[in-house]
Amino acid sequence: MQKVEAIIRPDRLNHVKDALADAGLVGINVTQVTGRGAQRGIEIGGPRGVGSYVVDMLPKVKLEMVVADSDVERSIEIIIESGRTGNIGDGKIFIIPVSDAIRIRTGERGDIAL
């Protein structure tokens, strides 16, 4: 099992979520976050007569899902295809090993608990 954690643009959330669901990958947690990457924010021009300012923490969405090893590459491809705009700030995907998963209701463990 692997945890797929993706930081994406908020306006791409529904595209990514729907594409994952269409592929049968429905177990997902979503958190509204702010952050910055290599671009270190964006510069915004102020009103006439006022200088520009830098917004260095941008709104993003963090998706977290734990998937079977056999679904990792497929989930990555779906997130990239449906989350990409081609512009700076499209986000990142992180893959983290998961040693076990337990369904609280039944006590089932491993892939069956997903």
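What you see is a predicted model, and the numbers here were worked out from it, not measured in a lab.
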With a 4.5 Å heavy-atom cut-off, do Leu20 and Met65 have their side chains touching?
yes
Spacing of Ile8 atom CD1 and Ile80 atom CD1 [to the nearest 0.5 Å]
12.0 Å
Can you name the nearest heavy-atom pair linking Ala113 to Ala101, along with the distance?
CB-O, 3.6 Å
Which of these passes side-chain contact (heavy atoms from CB on, under 4.5 Å) with Arg12: Asp90, Val61, Thr85?
Thr85
Just verifying a value: how many Å separate Lys92 NZ and Ile7 CD1, rounded to the nearest 0.5 Å?
10.0 Å
Point-to-point distance, once rounded to the nearest 0.5 Å, from CD1 of Ile78 to CG of Asp18
11.5 Å
Could you give all pairs that pass the salt bridge (charged side-chain N to carboxylate O under 4.0 Å, His left out) test and reach residues 102-114, with sequence neighbours left out?
Asp100-Arg109, Arg103-Glu108
Could you tell me which non-hydrogen atom of Val67 sits nearest to which non-hydrogen atom of Ser75, and how far apart they are?
CG2-OG, 4.3 Å
Using modelled atom types and a 3.5 Å cut-off, is there a donor and acceptor pairing between side-chain atoms of Lys60 and backbone atoms of Gly89?
yes
Out of curiosity, Leu63 CG to Leu13 CG, how far, rounded to the nearest 0.5 Å?
6.0 Å
Same apolar cluster (I L V M F W Y, side chains within < 4.5 Å links), Val72/Leu114:
no
Check side-chain hydrogen bond (donor to acceptor under 3.5 Å, both in side chains) between Asp69 and all other residues, then give those that pass, not counting sequence neighbours.
Gln2
Would Asn87 and Arg9 count as a side-chain contact (heavy atoms from CB on, under 4.5 Å) if you check the C-alpha gap in whole Å, the side-chain angles of each, and the deciding distance to 0.1 Å?
CA-CA 11 Å; Asn87 297 314; Arg9 295 173 178 271; 3.5 Å; yes
Test side-chain contact (heavy atoms from CB on, under 4.5 Å) on Val4 and Leu25 and set out the steps.
CA-CA 11 Å; Val4 178; Leu25 300 167; over 6 Å; no
Can you tell me how far the CZ atom of Arg74 sits from the CD1 atom of Ile79, to the nearest 0.5 Å?
11.5 Å
Determine whether Ile95 and Ile76 make a side-chain contact, defined as any pair of heavy atoms from C-beta on separated by less than 4.5 Å.
yes
Looking at every non-hydrogen atom in both residues, tell me the closest pair between Ile93 and Ala6 and how far apart they are.
CG1-CB, 4.1 Å
